[in-house]
Amino acid sequence: MPLSPAQQTLLNQVQAALGPAISPNLTAASAANDVFEAYVVGLVLEAARRETATVSFEDVNGRTPTVFTFRTSPGFIFSTTQNYTHAIITFSGKPPLEAHLGIYVEGASGVLHECDVAVVNRAEAQACRVSRASPRSARLLIATECKFYAATPSLGLGRGFLGLTADLTVRDCFFVMNRTAPSIERLLARRRRHTCRESIIPANTGDVELLINSFRSAFREYKRS
Amino acid sequence: MTDQQCAESYNLLRDLLRDLNFDWVVEQVEADIRVGILIEKPIREISPRHAVESIGFEVIETVEPQRRGRSGSIKQRVEYSDRERFRILIEAIEHAILHTTDLQEATLKLMGNNQPSSQITFEPDGSNEHPFKIDLLDINTRRQAQNVLKQTLDQLKAEADAP
């Protein structure tokens, strides 16, 4: 049975609405994922604030940015290609931390890994910028892999995350997705140091709060240490 | 919508996404569809001595008393129906276009400590990727069209769910 006139009209309305609804900047999968990573950084900062941290921003040259600039693909923490922005998280009585989007970190094997969202000891970060080195994963408080998918993310992404975390000696590793992926969730469920959070989009306030609380737990542990 | 209508609608939307440079959305949807649905089924392993053919295991489909043998389960792959495929595509459009705007807006707000920053730029660090920016002006400009799109997609989902 062909489409009814009403159904065809509905599809025509979708076609008419799609063009004006799309941001020309965000037609690429990579751009959508970049925004998702920045959102997760934002959730890290929200978690820090709720744990009474002060949050400020600076660029790679130590100046306060007037416009926030993030990477489209992973880079070195010391890179001056652009005035990339990172956040400084300060808890009273504790060494400050930095939150970065898309930097390379050094695993236990000495191999450099891409880390979508990294919370690192600030002294380590500063030393790395001076020495043109990458932070050691043992100096990370939080490492997060972010996956933005239009459809269900594939199991291979979860396997890749396991490989990444096998070489990272970071306290808390997170795998964060905007969709649900039962196979990935099951794969990661039995790993104690890994937390998988699904359905992370602003409208899903319950799931977002779960993730924020997971970040808060990591920060509370840090404050107690 | 009938299955045939869902299939035709799927093809129309798929082609539309490709025309709008959203090939990646189509590719991800089709990869998801290829995987299909995995349904857990109880099985019983059959000893070769008791089987006419050496088939290794049988899928238990009934609740009748079972013969002796080790039990377990397997994941059986089932194809998505045309209706389900259409649904998957609609949801993918929601994520790729509507939810990305929500993410942009939320990110601007979170970075500004709940007072929205006006703009964030994304710049490549030595790669060939294109820089882009997210800003409130662009988001607000597209809001009305996004609301229309959301309403239309909701109606389409309702049509897809109707027999």
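Letters go in sequence order (proteins before strands), and every chain restarts at 1. Values reported hereafter were calculated over all heavy atoms of this structure, with side chains retained and with hydrogens, waters and symmetry mates removed.
- A heavy-atom distance below 4.5 Å is found between the side chains of A:Leu11 and B:Ser9.
- Using modelled atom types, one finds no donor on one side chain facing an acceptor on the other under 3.5 Å when comparing A:Asn178 with B:His99.
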Verdict with reasoning, A:Thr27 to B:Phe132, per side chain to side chain contact (heavy atoms under 4.5 Å, CB included): CA-CA 11 Å; A:Thr27 55; B:Phe132 67 95; over 6 Å; no

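- Proximity to chain B is limited to the backbone of A:Ala28, based on heavy atoms less than 4.5 angstrom apart.
- Proximity to chain B (any heavy atom under 4.5 Å) is shown, for A:Gln13, by both the backbone and the side chain.
- Classified by interplanar angle (parallel below 30°, tilted 30° to 60°, perpendicular above 60°), the ring pair A:Phe70/B:Phe122 is tilted.
- For chain B, no part of A:Ser183 is nearby; none of its heavy atoms comes within less than 4.5 Å.
- Looking at every heavy atom in both residues, B:Val25 comes nearest to A:Ala150 through CG1-CB, 3.9 Å.
- Heavy-atom distances place both the backbone and the side chain of A:Leu43 under 4.5 Å from chain B.
- Side-chain contact check for A:Phe148 versus B:Leu103: some heavy-atom pair is nearer than 4.5 Å.
- In this structure, the portion of A:Arg49 lying under 4.5 Å from any heavy atom of chain B is its side chain and not its backbone.
- Shown here is B:Lys157, whose NZ atom has more than 12 heavy atoms of other residues, nucleotides or ligands within 6.0 Å.
- The contact between A:Tyr84 and chain B is made entirely by side chain atoms (from C-beta outward), counting heavy-atom distances below 4.5 Å.
- Listed by sequence position, B:Glu91, B:Ala92 are the residues of residues 84-92 of chain B in contact with chain A, using a 4.5 angstrom heavy-atom cutoff.
- A:Leu18 pairs in a side-chain contact (heavy atoms from CB on, under 4.5 Å) with only one of the listed residues (B:Leu149, B:Asp19, B:Thr152), which is B:Leu149.
- Using a 4.5 Å cut-off between heavy atoms, A:Leu26 touches chain B through backbone and side chain atoms alike.
- Partner of B:Asp125 under the side-chain contact (heavy atoms from CB on, under 4.5 Å) criterion, out of A:Ile103, A:Thr81, A:Thr72, A:Thr80: A:Thr81 alone.
- Counting heavy atoms of neighbouring residues, nucleotides and ligands inside a 6.0 Å radius, atom CZ of A:Arg186 does not exceed 12 of them.
- Counting heavy atoms of neighbouring residues, nucleotides and ligands inside a 6.0 Å radius, atom CG of A:Asn61 exceeds 12 of them.
- For A:Gln15, the parts lying under 4.5 angstrom from a heavy atom of chain B are both the backbone and the side chain.
- Counting heavy atoms from C-beta on, the side chains of B:Leu12 and A:Leu3 come closer than 4.5 Å.
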Kindly indicate, with the supporting measurements, whether the criterion side chain to side chain contact (heavy atoms under 4.5 Å, CB included) is fulfilled by B:Val35 and A:Thr152. CA-CA 10 Å; B:Val35 170; A:Thr152 304; over 6 Å; no

